Amino acid sequence: MSDFIAFKKVAKRYGHHQVLGDFDLTVRAGEKVTLIGPSGSGKSTVLRILMTLEPFQEGTVTLNGLSYHEPNGKAPFFASEKHLRKVSGSVGMVFQSFNLFPHMSVLRNVVEAPMSVLDLPRQEAEARALDLLKMVGMEAKAHSFPGQLSGGQQQRVAIARALAMRPKVLLFDEPTSALDPELVGEVLGVIRSLAHEHDLTMLLVTHEMRFAREISDRVCFFDGGRIVEQGSPDQIFTNPQQARTRSFLSSVLGGGMNA
C-alpha cells in the first residue's frame, strides 16, 4: 500500500509554544492508526492540520498526493482556501463535542454539507443520509433535534454526518471523552464496525486503550510533540520498548500492561 498521508518535518507553533517540531508520520491507504499519549502532546493538532483547521509553519503535509502547500511550492506554507477545500474534501472529522447544528433536525444536519458543498440534489442527499443514519442506528431519530438526543446518539449522528461526504480518511478526536460512561460503548461500537467493515483510512485519538488495541493496525505513542514509539497494538501494549511509553501505559492501565 502507498503512503496516503505524509507529514514530513512539520513544525506547528502557537506564538513561542511549539506543539510539533520536526514531526514525521506516514499512513498507508486503508490503515487504522491510533494516536495515544498524555494531554497536550500534539495528537489532536495532527488531526486538525489534516482537516485544514490549523496552519503549520514548516515542513510538508500531503494527502492522497495533494499538498497542503500552494501547488507551486512557494510560500506561504498554508495553501489558498480554494486549494485547501479540494484537499479537505477527502477528509471527515468527528469531534469530541459533536458540533451538530442545534437548530437543524438530525436529517438536515447530515444532508447540509453534501447539498451545499457537493451540490447533491436534495432527494439523493436525503437517501444517502437515511442509509447512513440506519447504519449508525439513528434512522428513527431523523426528524428529532440534537437537544432531544443523548450524547451517544448525538455522536452517532456526527459520525453519519462525516460519512455523508464520502471521505477517504476519517479522523476521530477523542470521540467518547464528552460522553457519560454508560454511553461510551454505543459510540465505540459504531467506530468498531467502521474499522472492521469499511476500507477507510482512519486516524483516532483516544484514551480508550483497550479499544485502541482492538481496532488499530498501528499505535503511535506521542509525547512532547513527537512520536516516541510506534508499532503493532500487541507490541506497544505488551512489550513497549521506551521507558516513557511504559510509564504512560502503566498509569492509564492501572499498573497492568495487558490492555
Side-chain angles (χ1 to χ4, degrees), residues 1-10 12 20 23-37 42-54 56 59-71 73 78-79 83-95 113-114 117-118 128 131-132 135-136 158-175 188-206 208 211-222 226-227 229-237:
M1 290 187 289
S2 61
D3 287 340
F4 190 75
I5 296 166
F7 284 72
K8 301 292 186 185
K9 298 189 178 303
V10 170
K12 168 63 183 176
L20 299 174
F23 176 78
D24 293 330
L25 173 68
T26 58
V27 178
R28 297 186 305 274
E31 193 176 15
K32 278 66 175 173
V33 177
T34 300
L35 314 181
I36 66 171
K43 309 180 302 295
S44 294
T45 300
V46 169
L47 302 193
R48 292 180 65 82
I49 287 174
L50 276 175
M51 195 62 195
T52 72
L53 297 173
E54 294 281 357
F56 55 97
T60 63
V61 179
T62 56
L63 172 67
N64 197 22
L66 288 172
S67 174
Y68 284 52
H69 286 265
E70 292 290 352
F78 211 37
H83 180 68
L84 287 173
R85 278 197 299 272
K86 183 178 180 182
V87 175
S88 64
S90 297
V91 188
M93 187 163 178
V94 178
F95 300 85
V117 178
L118 303 180
R128 179 185 296 187
D131 283 345
L132 290 168
M135 186 183 76
V136 300
I159 292 170
R161 181 182 60 181
L163 290 170
M165 294 294 287
R166 300 271 172 91
K168 293 182 173 64
V169 57
L170 196 54
L171 312 176
F172 294 91
D173 187 12
E174 297 282 10
L188 293 183
V190 171
I191 300 172
R192 184 182 295 110
S193 295
L194 289 175
H196 291 163
E197 299 170 16
H198 297 269
D199 190 30
L200 282 166
T201 305
M202 291 172 56
L203 267 71
L204 175 73
V205 171
T206 185
E208 300 283 344
F211 184 69
R213 182 169 187 166
E214 178 186 349
I215 72 161
S216 306
D217 297 312
R218 179 161 46 114
V219 176
C220 300
F221 172 64
F222 273 64
R226 66 188 183 93
I227 297 175
E229 185 171 358
Q230 59 182 305
S232 70
D234 281 349
Q235 176 188 327
I236 296 297
F237 290 110

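If you're wondering where the values come from, they're calculated on a predicted model, not measured in any experiment.
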Item to complete: Check each of Val205, Leu47, Leu204, Val94 against Glu174 using the side chain to side chain contact (heavy atoms under 4.5 Å, CB included) test, and report the only one that passes.
Response: Val205
Worksheet entry | Derivation of the side chain to side chain contact (heavy atoms under 4.5 Å, CB included) call for Met202 and Phe172 | CA-CA 8 Å; Met202 291 172 56; Phe172 294 91; 3.5 Å; yes
Worksheet item: Looking at Leu25 and Cys220, what are the two nearest heavy atoms and their distance?
Response: CD1-SG, 4.2 Å
Item to complete: Mind checking the CD-CD spacing from Glu208 to Glu214? Nearest 0.5 Å is all I need.
Response: 11.5 Å
Worksheet item: Is the shortest heavy-atom distance from the side chain of Phe4 to the side chain of Val27 under 4.5 Å?
Response: no
Worksheet item: Which distance, rounded to the nearest 0.5 Å, do you find between the CG of Leu118 and the CZ of Arg166?
Response: 9.5 Å
Item to complete: Would you give the length of the straight line joining atom CD1 of Ile49 to atom CZ of Phe56, rounded to the nearest 0.5 angstrom?
Response: 6.5 Å
Item to complete: For residues Gly30 and Asp199, report the shortest heavy-atom separation together with the two atoms involved.
Response: CA-OD1, 3.9 Å
Worksheet item: Rounded to the nearest 0.5 Å, what separation is found between the CD atom of Glu229 and the CZ atom of Phe222?
Response: 13.5 Å
Worksheet item: Given side chains that start at C-beta, do those of Val91 and Pro167 come closer than 4.5 Å, heavy atoms only?
Response: no
Worksheet item: Do Arg213 and Asp234 meet the salt-bridge criterion of a basic N to acidic O distance under 4.0 Å?
Response: yes
Worksheet item: So with a 6.0 Å cut-off around CZ of Arg192, is the heavy-atom count from everything else above 12?
Response: yes
Practice prompt. Write down the atom of Asp217, the atom of Pro233, and the distance for their closest heavy-atom approach.
Written response: O-CD, 3.6 Å
Response to the item:
Correct closest heavy-atom pair for Phe221 and Gly37 would be CE1-CA, 3.7 Å
Worksheet item: Between the main-chain N or O of Leu50 and the side-chain N or O of Tyr68, is there a donor-acceptor pair closer than 3.5 Å?
Response: yes
Item to complete: Working to the nearest 0.5 Å, report the span between OG1 of Thr201 and NZ of Lys32.
Response: 6.5 Å
Worksheet item: Which of parallel (below 30°), tilted (30 to 60°) and perpendicular (above 60°) describes Phe7 and Phe23?
Response: perpendicular
Worksheet item: Hey, does Leu163 have a side-chain heavy atom less than 4.5 Å from the side chain of Met135?
Response: yes
Worksheet item: How long is the gap from OG on Ser44 to CE on Met93, to the nearest 0.5 Å?
Response: 6.5 Å
Worksheet item: Does the pair Asp173 and Lys43 meet the rule for a side chain to side chain contact (heavy atoms under 4.5 Å, CB included), with working shown?
Response: CA-CA 9 Å; Asp173 187 12; Lys43 309 180 302 295; over 6 Å; no
Practice prompt. For Arg48, check salt bridge (charged side-chain N to carboxylate O under 4.0 Å, His left out) against everything at least two apart and list the hits.
Written response: Glu54
Worksheet item: Is the shortest heavy-atom distance from the side chain of Ile5 to the side chain of Val33 under 4.5 Å?
Response: no
Worksheet item: Considering all heavy atoms of both residues, which atom of Pro175 and which atom of Ile191 are nearest to each other, and what is their separation?
Response: CG-CD1, 3.7 Å
Practice prompt. With the side chain counted from C-beta on, respond yes when Arg218 and Ser232 share a heavy-atom pair under 4.5 Å apart, and no when they do not.
Written response: no
Fill in: Close side-chain approach of Thr206 and Leu188, heavy atoms under 4.5 Å
no
